[in-house]
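Indexing begins at 1, ligand by ligand and atom by atom, following the structure's order.
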Amino acid sequence: MLLRQFTRAPNNMNLIRRIATNAILKNQTVTTNIDYNQLVLVDVNDKNGYATVTLNRPPVNSFNLELMMALSRALDQVERNNSRGMILTSIIPNIFSTGFDIRELYQADERRLREFWSVLQDCWFKLYGSTYPTAASINGHNPAAGCFFALCCEYRAMVRNSKLGISGARLGISIPLPMIYTMRSVISTRQTELALTTGTLFTSDDALKVGLIDDIATDRSDAFAKCEAFLDRFKDIPPVSRGYTKRSVRQKDMEEIAANRQRDTDEFVRAVLNPEAQSSFAAFLGK
Ligand SMILES: CC/C=C\C/C=C\C/C=C\CC/C=C/CC(=O)SCCNC(=O)CCNC(=O)[C@H](O)C(C)(C)COP(=O)(O)OP(=O)(O)OC[C@H]1O[C@@H](n2cnc3c(N)ncnc32)[C@H](O)[C@@H]1OP(=O)(O)O
């Protein structure tokens, strides 16, 4: 069982989470409800109804199939729980995610690769198409697929001195259409093309300038607080009509991606297995 149980948090959840996080940063053992064996942690703050979804695959939160599945299941839990909002973050002090686990891509088994992509597609539909408000608390570097998930959210706060972007071009990976649509839903088509064809990793200042993030935070708790403040903006807005409007804005992208799932999967498999990409992966892994 990869996921922690989705239990309603006690009223002092914020305090418990703060104690737990501080202890993690100091490498201490804590006896609160965080279980270190689980890949994605889901907590709900009973005071405001916001769920926190925390990636928990040290050392760098690289996405292998198991982490992707854990995220998919966590998003199901948030949906089922009728959360008032969701904050996506990472447990690792200065890293949100390194992107795909290169070991998942190097000399990949095609069946597993197809499953990996299919679960990634599921995550996209669940996150991009969610009706509840979403925010990404980017507590550190976020150079690839984690950036994709952050861009699916409605708001992003990133800690200063972190880098954010989709570096796939540098590894010889052609960027799939869903990624392009997702980035284009946040910044202009021209900036999307430039960012993706150069594999640019943006500093926090540049990311803010171009509109990839909404705020720069001083540290992880500031980023988290900014995300909560964003979600608070909807507290007096009726959730059903809000969700319907959000879905309507995103509907066209979702229909097109849904209609092309198989084609996107084939293209991803081709892109990963192409010799140029495989030699970059080998070089990365020192093979
Ligand atoms: C409907 C929707 C359908 C489709 C969706 C569409 C699109 C999908 C999304 C994206 C498409 C774009 C393509 C993305 C492909 C990728 O994600 S490939 C991964 C690219 N990532 C990178 O190039 C980042 C490389 N890593 C770093 O820059 C640094 O590691 C980082 C800044 C994150 C952290 O630095 P630092 O704290 O110094 O740590 P180390 O570098 O020392 O790393 C610690 C150990 O972790 C290993 N590691 C790092 N990254 C990876 C990785 N990606 N895979 C596997 N392992 C990794 C590193 O080697 C160290 O290991 P060691 O301790 O040496 O054993």
Side-chain angles (χ1 to χ4, degrees), residues 55 57-68 71-72 75 90 92-108 113-130 138-152 158-159 161-186 192 195-203 250 253-274 276-287:
L55 303 174
R57 187 169 184 252
V60 286
N61 277 337
S62 58
F63 278 95
N64 63 355
L65 176 59
E66 287 72 24
L67 181 59
M68 203 66 89
L71 176 62
S72 177
L75 294 171
S90 143
I92 301 163
N94 61 341
I95 297 172
F96 185 86
S97 165
T98 185
F100 294 163
D101 190 327
I102 303 291
R103 292 162 299 187
E104 193 69 75
L105 308 180
Y106 177 62
Q107 296 187 341
L113 202 54
R114 284 184 182 277
E115 192 182 353
F116 175 75
W117 193 252
S118 170
V119 181
L120 170 62
Q121 288 174 323
D122 292 344
C123 288
W124 184 82
F125 282 106
K126 290 171 191 177
L127 188 54
Y128 191 76
S130 63
I138 307 172
N139 54 292
H141 297 303
N142 195 7
C147 169
F148 169 69
F149 288 123
L151 291 177
C152 290
M158 180 164 92
V159 299
N161 299 325
S162 306
K163 293 219 167 165
L164 172 86
I166 300 287
S167 55
R170 297 178 186 207
L171 287 169
I173 299 179
S174 3
I175 303 303
L177 210 51
M179 180 65 244
I180 295 169
Y181 283 11
T182 305
M183 189 176 270
R184 212 179 53 188
S185 73
V186 176
T192 297
L196 293 179
T197 52
T198 54
T200 303
L201 292 178
F202 294 84
T203 61
R250 297 176 177 220
D253 287 351
M254 294 183 63
E255 281 169 2
E256 203 170 326
I257 299 304
N260 291 302
R261 273 189 83 140
Q262 188 56 46
R263 187 204 60 194
D264 281 341
T265 307
D266 294 340
E267 279 178 10
F268 170 70
V269 169
R270 210 173 19 250
V272 168
L273 297 182
N274 101 62
E276 199 184 5
Q278 284 294 316
S279 20
S280 309
F281 304 149
F284 183 94
L285 296 172
K287 304 276 182 191

Using a 3.5 Å distance criterion without hydrogens, assess whether the side chain of S97 forms a donor-acceptor pair with backbone atoms of N142. no

For each nitrogen or oxygen atom of ligand 1, which protein N/O atoms lie closer than 3.5 Å, and how far apart are they, rounded to 0.1 Å?
unit_1: ligand 1; atom_1: 17 (O); unit_2: F100; atom_2: N; d: 2.8
unit_1: ligand 1; atom_1: 21 (N); unit_2: T98; atom_2: O; d: 2.8
unit_1: ligand 1; atom_1: 26 (N); unit_2: T98; atom_2: OG1; d: 3.2
unit_1: ligand 1; atom_1: 50 (N); unit_2: T98; atom_2: OG1; d: 2.8
unit_1: ligand 1; atom_1: 53 (N); unit_2: T98; atom_2: OG1; d: 3.4
unit_1: ligand 1; atom_1: 53 (N); unit_2: F100; atom_2: O; d: 2.8
unit_1: ligand 1; atom_1: 54 (N); unit_2: I102; atom_2: N; d: 2.9

Should we say atom NZ of K126 is surrounded by more than 12 heavy atoms from elsewhere, each under 6.0 Å from it? yes

Between F116 and F100, does the ring centre distance come in under 6.0 Å? yes

Report yes if the distance between the aromatic ring centroids of Y128 and Y181 is under 6.0 Å, otherwise no. no

Chi angles and distances behind the side-chain contact (heavy atoms from CB on, under 4.5 Å) call for L201, I166: CA-CA 7 Å; L201 292 178; I166 300 287; over 6 Å; no

Does R261 form a salt bridge (Lys or Arg N to Asp or Glu O under 4.0 Å) with D266? I'd like the steps, not just the answer. CA-CA 9 Å; R261 273 189 83 140; D266 294 340; over 6 Å; no

